[in-house]
Peer 1: 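Got a structure here, written out as structure tokens. Questions coming.
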Amino acid sequence: MIKMILVKCLYTGLPHPRVRVIRLIKRNFNFLPADVKSVRTVVSPDISKIRNIGIMAHIDAGKTTTTERMLFYSGYIRALGDVDDGDTVTDFLAQERERGITIQSAAVTFDWKNHRINLIDTPGHVDFTLEVERSLRVLDGAIAVFDASAGVEAQTMTVWRQAEKHHVPCIGFLNKMDKPTANIDFCIKSIKEKMQTTPILLQIPVGCGKNFSGIVDLLTNQKVIWKMKSMEDDGSHYEVKPLDQTDESALLQAARKARATLIEQVADLDDEFAELLLTDFSENFDEVPSNKIQEALRRVTLARKGVPILCGSSLKNKGVQPLLDAIIAYLPNPSQRHHDIIQWYKDDLCALAFKVIHDKQRGPLVFVRIYSGTLKAQSAIHNINRNCIERMSRLLVPFADQFVEIPSMTAGNIALTVGLKQTVTGDTIVASKASAAAALRRVQTKMGSKGDAVDVILTGVEVPEPVFFCTIEPPSMAKQSDLENALFCLQREDPSLKVRVDPDSGQTILCGMGELHIEIVHDRIKKEYGLETHLGPLQVSYRETITQEAKTNDTLDRTIGGRRHVVSVELTVGPTDDGGPSVFTIERELQKQLPPDLNSAVENGVHSSYLQGPLLGYPVQGVSTLIQSVNIEPGTSPAMVSACVSRCVQKAMKIAGVRMLEPVMSLEVTVGEHYLGSVLGDLAQRRGTVRDIQSRYNDKVLLATVPLAEMMGYSTILRTLTSGTATFSLELDTYEGMNPQDQNVLLKRLTELL
Ligand code: GDP
């Protein structure tokens, strides 16, 4: 038959059938799958065979390289990319290629040993912690990739804390074992101390530095060796052989010791395993079968009592296949994770939209995680948050920047939908309005009056306040609406990006999480929307607060279009105890007397005064307002009530005395000892406070706090100071009151700018 087709092709001039199949798929789906085989295998798998995994790490630890190797060994890409050449699959955004860092969480699906792995490559840069949080929200397990020569670094700590918040079980991968400074003992100690967890070493390295050639699997007592025949060897082939027990080498002794520690640790953390040891293997731990250790380790990992640790070198193509095995062996399948929501929907659809990306041809593509039921292509869904029905045209499985179309997807999976126009990141998607109502009824039957509509919604991701802002201008007025559209799309994708219009100047203001964040947005507007925009100088987002109490009153008497509006207000403002978000109350009797629309008018007035403080127009924080009296003459509009209240709050704050608050960042710099002096000297000029200096081999790790305003362009300066050898990370610590001297300098500088 095949022969016949080939002969026919020869005569008709048609391409080879395999090529035609690919072309057909390309035409129909408009996407090119990596291999025809992948189309056949992309079906919704059995839930026990799914692993939804994230990779978390400090920037440069090797997430991208590791992801790339995973895709290669699982057969989804044919050649290895190299992050240093900027051609890896997951770094598909052009900016990421240029910068060599991973910004957007690209979801990648691949199969390994009959299991479906949905992998989210999360960003390591601190400007993008929200991306990490968003992906952790929908994942069931995570791999923490460490640079084996650096141990736990700042960003890993941040992501680890986020993983803990979502109770995500983890395994650790000590990457870069080929570096001469790689040190397993140091890493284990650092994981134990900094992450407050129990690392359980499952492998020890064979050879070190340049001679690192593989690992000893402590469960099976086998040596796994990658014999690299040439520089181009891709590491697909490796040798597995038992450790020679007769040879009393240092490796054998190290392996025996490490295996005994592993067994003791697992026994300490898992009673079932401890019992098995005592009853069956008390004499000889060497006899404990590897599958029994593995089962116990799985229980320990799922209960988050410990973290299995593996090692390897992604760049040198060693140790990645055992890491893939470990994902299957130790990380949970979706049914092993507890999600309250599933019980209310039973077998009805319930999914969370966790990421939106904009595709030029296909419009918005929404990544969804399905918690229960089945999502079908060409069907209508109900978005609970937006209270709307949307039609989904197609359903895709993401393969980095290529997608494969499928008819339906079941619970536990991650999929990409085409056609949802209103859904934004964080929305809950269900089959229909009736199904949401049925879920709510089930909640209320079970919980009585405590049951609430929020119980049938999946909680989204908390969006941190942006710390930087700048103005953005289109190349010409005619392009203003194009810019607005670009910003609208980018905001749907990235809730940490805020856009507002300055009420005084009418300028569009871009607010973001860091210098790099704003720069990336600027680049994307240029590359993806073809707009050359102009950014104003980057400014720090300060806050305003008050330190004392003040009581005042105000009257507004205005005639507009022959109608007289008269309202007078009396109120007291004061600092809140915790300095957190500003609050307000209306005296109880007054609240009862005011009709609902005027109550809301008062509330709006207070909130609008909190948006722009009286000193420089920054948001107001840590203020509480008590409305004591409001007298409104008949015919006065609610808008006038709001205006009067707002003016009165501003007046009271001025009387109380406004104090500027500035964002203070926690800074971690890793630097060689001989450069420490210059980094410290520079930091002193930036109003920095050193909290600790720790040692890491020949390096020093400097922990400090420093006002954000002093950190503009720090990466360039640090590079110059240390000849490019230092690395740093910066994260918002708190908003701190400025001393009068610094505040005066700031006021002078900013008012000159205005
Ligand atoms: P990411 O920022 O965590 O995604 O890290 P990348 O995968 O982009 O890698 C950062 C740098 O480390 C690149 O220069 C890689 O070539 C290098 N790298 C990654 N894995 C290894 C490794 O196993 N050994 C060594 N020596 N370098 C590595």
Side-chain angles (χ1 to χ4, degrees), residues 53-73 77 80-93 95-106 108 119-129 131-132 135 142-160 172-184 187 203 205-215 226 228 231 233-235 309-323 400 516 520 670 697 715 724-725 727-729:
I53 305 301
I55 299 192
M56 51 193 194
H58 193 84
I59 189 153
D60 270 359
K63 286 183 314 292
T64 315
T65 312
T66 308
T67 306
E68 190 75 354
R69 274 26 175 195
M70 288 178 173
L71 287 172
F72 178 72
Y73 297 130
I77 50 171
L80 283 180
D82 189 336
V83 280
D84 302 314
D85 297 338
D87 62 356
T88 63
V89 174
T90 43
D91 278 359
F92 62 86
L93 280 181
Q95 292 86 352
E96 296 187 42
R97 284 207 181 108
E98 277 170 23
R99 287 165 208 276
I101 60 168
T102 317
I103 300 152
Q104 283 245 353
S105 296
V108 189
L119 178 73
I120 308 273
D121 188 24
T122 48
H125 195 279
V126 74
D127 279 9
F128 306 102
T129 36
E131 289 279 340
V132 183
S135 46
I143 306 167
V145 173
F146 304 93
D147 175 340
S149 67
V152 179
E153 296 172 274
Q155 183 64 19
T156 331
M157 289 286 295
T158 313
V159 188
W160 189 267
F173 182 61
L174 308 180
N175 188 30
K176 305 200 182 184
M177 286 304 297
D178 59 297
K179 278 171 84 172
T181 45
N183 184 330
I184 287 217
C187 288
Q203 305 167 337
V206 178
C208 57
K210 264 202 329 237
N211 297 323
F212 171 67
S213 61
I215 49 123
W226 283 261
M228 304 309 238
M231 290 295 279
D233 196 328
D234 59 26
I309 304 287
L310 295 95
C311 58
S313 163
S314 299
L315 187 68
K316 305 288 178 199
N317 305 327
K318 289 169 192 156
V320 177
Q321 294 94 333
L323 178 63
L516 184 63
I520 297 275
T670 307
Y697 301 114
S715 54
T725 57
T727 55
F728 80 102
S729 72

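Read the numbers this way: they start at 1 and go in the same order the structure lists the ligands and their atoms.
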Peer 1: N/O to N/O below 3.5 Å, does that happen between Met177 and ligand 1?
Peer 2: no

Peer 1: As an exercise, identify every atom of ligand 1 less than 4.0 angstrom from a heavy atom of Ser313.
Peer 2: 22 (C), 23 (O), 24 (N)

Peer 1: Is Asp147 paired with Lys179 through a side-chain N to carboxylate O contact shorter than 4.0 Å?
Peer 2: yes

Peer 1: Any idea which of Arg69, Lys176, Met56 brings a heavy atom closest to atom 28 (C) of ligand 1?
Peer 2: Lys176

Peer 1: Within the structure provided, determine whether Met70 and Val320 are in side-chain contact (heavy-atom separation under 4.5 Å).
Peer 2: yes

Peer 1: Determine the minimum heavy-atom distance between Asp60 and Lys176, stating which atoms define it.
Peer 2: O-NZ, 2.7 Å

Peer 1: Find out whether Met56 and Val145 are in side-chain contact, i.e. whether some heavy atom of one side chain is under 4.5 Å from a heavy atom of the other.
Peer 2: no

Peer 1: Determine whether the side chain, the backbone, both or neither of Thr65 has a heavy atom under 4.0 Å from any heavy atom of ligand 1.
Peer 2: both

Peer 1: Check each atom of ligand 1 against the heavy atoms of Ser314 and keep those under 4.0 Å away; list them by number with element.
Peer 2: 23 (O)

Peer 1: Between Ser314 and Thr66, is there a side-chain donor-acceptor contact under 3.5 Å, judged purely by atom types and distance?
Peer 2: yes

Peer 1: State, yes or no, whether a side-chain contact exists between Tyr73 and Glu68 at a heavy-atom distance under 4.5 Å.
Peer 2: no

Peer 1: Check for me whether Ala57 has a heavy atom closer than 4.0 Å to any atom of ligand 1.
Peer 2: no

Peer 1: Considering distance alone, does some N or O of Lys316 sit under 3.5 Å from an N or O of ligand 1?
Peer 2: no

Peer 1: If you measure every N or O of Lys179 against every N or O of ligand 1, does any of those distances drop under 3.5 Å?
Peer 2: no

Peer 1: For ligand 1, find out whether one of its N or O atoms is nearer than 3.5 Å to an N or O atom of Thr66.
Peer 2: no

Peer 1: Given Asn317, Leu315, Asp178, identify the one with the heavy atom nearest to atom 21 (C) of ligand 1.
Peer 2: Leu315

Peer 1: With a 4.5 Å limit on heavy-atom distance, are the side chains of Thr67 and Phe72 in contact?
Peer 2: no

